[in-house]
Amino acid sequence: MERRERADAARNRQAILRAAEELLRRHPPEQVSVERVATAAGVGKGTVFHRFGSRTGLMLELMSERARELEQAVTDGPPPLGPGAEPVERLVAFLAEVAALGARNGNLMAAHEHAMVTRKAAAEQPREANPIYVFWHRHVSALIAEGRPDVDAGQIAHMLLGTLHMEPIASQLRAGEHERLAAGFAELVRGLFRGGVG
């Protein structure tokens, strides 16, 4: 019986996440309520609250799930995104994938950003403490440090990732224009690595 309940809970979780993602593809974040997600997922509103705690919790979990897929590709996937390529190629591939993630999930990223800002612990925990951001920043910093040990890799990583939160870039991503952003990132990264000593 317990295994059946666990299987049902897992199915409900996936149905809720899929419904939220689909609604966010078609509607602005402010129009995606817990009630709409529950109806689209075929579950009761209480099930969503029981599993995720709140609308904020749902948005954080959905973004975390998408980010985990990218994290797995970075740590275990084939090059150039995964290990085995030169740092410049890995960084270009990673930033292109981040841009594509933003374009596929533009409203989700906006909802996630809003959730991070409005949750109760936001005052004590800035964006830089978000586990997704921490991983992305650590990865970008490490690749920069490997290819350009003479620069402040941590600061440059913040600057690159920070562009995703600028409104002109965010609106491009919501419009699906990730290839333009990826090309810009590639130019910046290749220029940075060409500027190395030796």
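All residue numbers refer to positions in the sequence shown, counting from 1. Predicted, not measured: the structure shown is a model, and the values here were computed from it.
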Exercise for the section: Give a yes or no on whether the ring-centroid distance for Tyr133 and His158 is below 6.0 angstrom. Expected result: yes
Problem - Those residues that, when tested against Glu30, pass salt bridge (charged side-chain N to carboxylate O under 4.0 Å, His left out) (two or more places apart) - result: none
Exercise for the section: Could you grab the distance from atom CG of Leu81 to atom CG of Asp76, nearest 0.5 Å is fine? Expected result: 11.0 Å
Handout entry: Residues Arg13, Glu61: salt bridge by 4.0 Å N-O rule
Key = yes
Exercise for the section: State whether the number of non-hydrogen atoms from other residues, nucleotides or ligands found under 6.0 Å of Glu179 atom CD is greater than 12. Expected result: no
Problem - Donor-acceptor contact below 3.5 Å, side chain Arg36 vs main chain Gln31 - result: yes
Handout entry: Nearest-0.5 Å distance that lies between atom CG in Leu192 and atom CZ in Arg148
Key = 5.5 Å
Problem - Exceeds 12 heavy-atom contacts within 6.0 angstrom, atom CZ of Arg180 - result: no
Completion exercise
Checking Val34, Leu62, Val48 against Ile16 for side-chain contact (heavy atoms from CB on, under 4.5 Å), the one that qualifies is Val48
Exercise for the section: Heavy atoms only: give me the nearest Ala145-Ala153 pair and the separation to one decimal. Expected result: N-CB, 3.7 Å
Handout entry: Distance in Å, Gln172 CD paired with Thr163 OG1, rounded so as to fall on 0.5 Å steps
Key = 10.0 Å
Practice task
Take Val37 and Arg55, measure what side chain to side chain contact (heavy atoms under 4.5 Å, CB included) needs, and give me the verdict at the end.
Solution key: CA-CA 9 Å; Val37 171; Arg55 180 182 177 280; over 6 Å; no
Handout entry: Arg68 with Glu65: basic N within carboxylate O range, under 4.0 Å
Key = yes
Practice task
Report yes if some heavy atom in the side chain of Leu24 is under 4.5 Å from a heavy atom in the side chain of Met59; otherwise report no.
Solution key: yes
Practice task
Grab the two heavy atoms, one from His178 and one from Ala99, that are nearest each other, plus how far apart they are.
Solution key: CB-O, 3.3 Å
Problem - Candidate pair Val98 and Leu181, rule side chain to side chain contact (heavy atoms under 4.5 Å, CB included), full reasoning - result: CA-CA 10 Å; Val98 167; Leu181 178 58; over 6 Å; no
Exercise for the section: Evaluate whether atom NE2 of His27 has more than 12 neighbouring non-hydrogen atoms of other residues, nucleotides or ligands under 6.0 angstrom away. Expected result: yes
Practice task
Answer yes or no: are there more than 12 heavy-atom neighbours, outside Glu187 itself, under 6.0 Å from its atom CD?
Solution key: no
Exercise for the section: Measure the CZ-CG distance between Phe135 and Leu70 for me, rounded to the nearest 0.5 Å. Expected result: 7.0 Å
Fill in the blank from the handout: What one should report as the nearest heavy-atom pair of Ala41 and Ala15 is CB-O, 3.6 Å
Exercise for the section: Taking only Lys NZ, Arg NE, NH1 and NH2, and the carboxylate oxygens of Asp or Glu, determine whether Glu22 and Arg18 approach each other closer than 4.0 Å. Expected result: no
Problem - Closest contact, heavy atoms only, Ala19 versus Ala40 - result: CB-CB, 3.8 Å
Handout entry: Set of salt bridge (charged side-chain N to carboxylate O under 4.0 Å, His left out) partners for Glu89, sequence neighbours left out
Key = Arg190
Problem - Common cluster, Met159/Met166, ILVMFWY with side-chain heavy-atom separation under 4.5 Å - result: no
Exercise for the section: Look at atom CD of Glu86 and say whether more than 12 heavy atoms of other residues, nucleotides or ligands are closer to it than 6.0 Å. Expected result: no
Handout entry: From Leu143 atom CG to His139 atom NE2, the distance as rounded to the nearest 0.5 Å
Key = 4.5 Å
Practice task
Quick one: list whatever passes salt bridge (charged side-chain N to carboxylate O under 4.0 Å, His left out) with Glu97, sequence neighbours left out.
Solution key: Arg104
Completion exercise
Heavy-atom nearest pair, Phe193 first then Leu91, reads CE1-CD2, 3.9 Å
Exercise for the section: Please work out which of the three classes, parallel, tilted or perpendicular, describes the rings of Phe94 and Trp136, given edges at 30° and 60°. Expected result: perpendicular
Completion exercise
d(Leu17 CG, Leu58 CG) to nearest 0.5 Å is 6.5 Å
Fill in the blank from the handout: Scanning both residues in full, the closest heavy-atom pair of Pro83 with Gly77 reads CD-O, 3.6 Å
Problem - Flag, side chain of His137 to backbone of Gly154, donor-acceptor distance under 3.5 Å - result: yes
Exercise for the section: Would you mind checking if Arg66 and Glu21 are paired as a salt bridge, meaning a charged N to carboxylate O distance below 4.0 Å? Expected result: yes
Problem - Donor-acceptor contact present, side-chain Arg90 to main-chain Val74, <3.5 Å - result: yes
Handout entry: Check: Met63 and Leu101 side chains under 4.5 Å, non-hydrogen atoms
Key = yes
